[in-house]
Amino acid sequence: MTTIRGLPPGRAGRVWLDHRLDVAARGTGLLETKLRILAAEEQRFTLLAARTERAWEASAAEADLWMSRARVLSGRRGVRLASPAATASVDVRWQSTMGVRFPDGVRVQIVQPPTDAPTPDSSPLVLAREAYAAALRAGADHAAATAALRSVRTEVVATRRRLRALERRWTPRLTDARRTLSGALEESEREDGVRLRWAAGQFTSSQRGPS
């Protein structure tokens, strides 16, 4: 019989195994549900990460293009004077699904230059500043989507591992142990029945006395 730690002997063992099998079946169902929900979330974040990556790359390329034009017209000094000391702050929204916590979006606040800051001396500088602000927002969106995908994907892998352990190891071991124990109990009950019938026959014979 498969060795199960803590298995009581006799009929108590069969009750014990029945309870463990019921717990394993319910655990398998819960893990399957969790895996189904997380797999859908993984697919959603995979698509979101790909889309935000394209948006980030496109906006960053556009910002670089405007900055190269601004350097030509305003020079490095004009670019430096038009750059504020403080730039932005990012707030991350969090969400939990099936026990997994992940970013569910960000809010980027662009710090506006003070009123006494130098005014950009060319339109490419203005457009570059706007383009870099858009690139920052796109980059924050992509970072949040990537982090969410990583968190969900890690939990998907762990859930699959736990589900395989239940389906391929723990549940078969319990089932095998119950089958073996039930067979042993049935054999023992048959032997007890034979002994009881033999004892009853002997008792009847003794009551009748010698013929």
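None of these values were measured; they are calculated from a predicted model. Counting from 1, the numbers follow the sequence of the chain as shown.
Looking only at side-chain heavy atoms (C-beta outward), Arg153 and Thr46 come within less than 4.5 Å of each other. A heavy-atom distance below 4.5 Å is found between the side chains of Leu149 and Glu42. No side-chain heavy atom of Ser151 sits less than 4.5 Å from a side-chain heavy atom of Arg101. The side-chain heavy atoms of Glu32 and Leu35, taken from C-beta on, include no pair separated by under 4.5 Å. With contacts defined as side-chain heavy-atom distances shorter than 4.5 Å, the pair Arg168/Pro172 does not qualify. Leu48 is listed as a side-chain neighbour of Arg51, based on a closest heavy-atom distance under 4.5 Å.
Side-chain atoms of Thr180 do not come within 3.5 Å of backbone N or O of Ala177 as any donor-acceptor pair.
Residue Leu30 holds its CG atom at 11.5 Å from OG1 of Thr159, rounded to the nearest 0.5 Å. Summarising the geometry, atom CG belonging to Asp22 is positioned 11.5 Å from atom CG belonging to Leu174; distances are rounded to the nearest 0.5 Å. Atom CZ of Arg71 and atom CZ of Arg69 lie 13.5 Å apart (nearest 0.5 Å). Distance CG/Leu17 to CZ/Arg20: 8.5 Å, rounded to 0.5 Å.
A salt bridge is defined here as a Lys NZ or Arg NE, NH1 or NH2 lying under 4.0 Å from an Asp or Glu carboxylate O, and Arg162 with Glu155 meets this definition. Here Asp141 does not pair with Arg137 in a salt bridge; the nearest charged N to carboxylate O distance is not below 4.0 Å. Salt bridge absent: Arg54 and Glu57 never bring a charged side-chain N and a carboxylate O closer than 4.0 Å. Under the 4.0 Å criterion applied to side-chain N and carboxylate O atoms, Asp91 and Arg107 are assigned as salt-bridge partners.
Within 6.0 Å of CD in Glu167 there are more than 12 heavy atoms belonging to other residues, nucleotides or ligands. Residue-environment remark: CH2 (Trp16) exceeds the threshold of 12 foreign heavy atoms within 6.0 Å.
At a threshold of 4.5 Å between side-chain heavy atoms, the hydrophobic network of Ile, Leu, Val, Met, Phe, Trp and Tyr places Leu163 and Met98 in one connected group. Tyr132 and Val108 fall into different hydrophobic clusters, defined by Ile, Leu, Val, Met, Phe, Trp and Tyr side-chain heavy atoms under 4.5 Å apart, directly or through other members. When the side chains of ILVMFWY residues are joined at heavy-atom separations under 4.5 Å, either directly or via intervening members, Phe45 and Trp56 end up in two distinct hydrophobic clusters. Under the 4.5 Å side-chain contact rule for hydrophobic residues, Met67 and Leu136 do not share a cluster. The hydrophobic clustering, which links ILVMFWY residues whose side-chain heavy atoms are closer than 4.5 Å, places Leu38 and Trp94 apart.
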Exercise for the section: Kindly determine whether Arg178 and Ser182 satisfy side chain to side chain donor-acceptor pair (under 3.5 Å), including the steps that lead there. Expected result: CA-CA 6 Å; Arg178 191 192 186 287; Ser182 294; 3.2 Å; yes
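Note that Arg173 lies outside the cation-pi zone of Trp170, set by a 6.0 Å cut-off to the ring centre and a 45° limit from the axis.
The minimum heavy-atom distance between Pro103 and Ala148, with the atom names listed, is O-CB, 3.4 Å. When every heavy atom of Val106 is checked against every heavy atom of Ala144, the shortest pair comes out as CG1-CB, 3.7 Å. Shortest non-hydrogen contact noted between Thr171 and Ala24 is OG1-CB, 3.6 Å. Counting all heavy atoms, side chain and backbone alike, Gly27 lies closest to Leu166 at C-CD1, 3.9 Å. For the residue pair Gly10 and Leu181, the shortest heavy atom distance occurs at O-CD2, 3.7 Å. A pairwise comparison of heavy atoms in Ala63 and Ala131 identifies CA-CB, 3.5 Å as the closest pair.
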